[in-house]
> 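Attaching a single structure in structure tokens format; questions to follow.
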Amino acid sequence: AQTVTQSQPEMSVQEAETVTLSCTYDTSESDYYLFWYKQPPSRQMILVIRQEAYKQQNATENRFSVNFQKAAKSFSLKISDSQLGDAAMYFCASERGSQGNLIFGKGTKLSVKP
Amino acid sequence: DSGVTQTPKHLITATGQRVTLRCSPRSGDLSVYWYQQSLDQGLQFLIQYYNGEERAKGNILERFSAQQFPDLHSELNLSSLELGDSALYFCASSATPYNEQFFGPGTRLTVL
């Protein structure tokens, strides 16, 4: 079965600094996708970034980038120039290419200090 | 705004009751997914529909059922409710099972 592990229940970062959230996953699939979702206090699930497993290049979206290490099954999220609005729960998720449903980690609660 | 709508936003009911949660996917999306978010279980996949057909099942209880209608909206039916069913229920949609999923705002279910 696919599993996703986020080993950091909580993280804290100073405004304007950089923070990295960790995620490891386990899958036997050869074709899969990885995601980071943000859940602010409003509870809305917001897609932050998406990585296709067959692509070696790490995905980036503005201040958000990933470090995808396929052999190590690691998928970390780097947030640069952290802003107060980045404070939220962050969920790492994997998607089986053959099905489409998401498997989520337990989440990391990120606090941003002014 | 993701374009996915869910009704109602909040639902308070009693144990043993039955409720129906409704989801309208983004325009053009054929796939609908239901997820449950609870404090003890985290975010769990329940069930997926594609163009009216059930496509995948996750940790969905036998007391729960769902369907996707010809106009592509979906309903999640929860019956014989227990206290442990209290959770946030999300619907998500995607164009196909291989595209990124967009989440609705969720329905907060409280079972008293």
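We use all heavy atoms of the structure for the numbers below, so side chains are in, but hydrogens, waters and symmetry mates are not. So you know, we letter chains A, B, ... as the sequences are listed, proteins then strands, and number each from 1.
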> With hydrophobic residues grouped by side-chain heavy-atom distances under 4.5 Å, do A:Leu21 and A:Val4 end up in a single group?
yes
> Evaluate whether atom NZ of A:Lys55 has more than 12 neighbouring non-hydrogen atoms of other residues, nucleotides or ligands under 6.0 angstrom away.
no
> If hydrophobic clusters are built by linking Ile, Leu, Val, Met, Phe, Trp and Tyr wherever their side-chain heavy atoms come under 4.5 Å apart, do B:Leu76 and B:Phe69 end up in the same one?
no
> Is there a chain of hydrophobic side chains (I, L, V, M, F, W, Y, each step under 4.5 Å between heavy atoms) that links B:Val19 to B:Leu61?
yes
> Do A:Leu47 and A:Met89 belong together in a cluster built from hydrophobic side chains that touch within less than 4.5 Å?
yes
> Minimum heavy-atom separation for A:Leu102 and B:Phe45, please, with both atom names.
O-CB, 3.8 Å
> At a heavy-atom separation under 4.5 Å, does B:Gln101 approach chain A through its side chain, its backbone, both, or neither?
both
> Non-hydrogen atoms of chain B under 4.5 Å away: do they reach the side chain of A:Arg43, the backbone, both or neither?
both
> Would a hydrophobic clustering, with Ile, Leu, Val, Met, Phe, Trp and Tyr connected at side-chain separations under 4.5 Å, put B:Leu11 with B:Phe64?
yes
> Working to the nearest 0.5 angstrom, can you tell me the gap between A:Phe104 CZ and B:Gln41 CD?
15.0 Å
> Distance from A:Asn101 atom CG to B:Lys57 atom NZ, nearest 0.5 Å?
13.5 Å
> Within the side chain of A:Gln44, is there an N or O that forms a donor-acceptor pair under 3.5 Å with the backbone of B:Phe103?
yes
> Measure the shortest side-chain to side-chain distance between B:Leu88 and A:Gln39 over non-hydrogen atoms and say whether it is less than 4.5 angstrom.
yes
> Most heavy-atom pairs under 4.5 angstrom with chain A, which of B:Tyr35, B:Tyr50, B:Phe90?
B:Tyr35
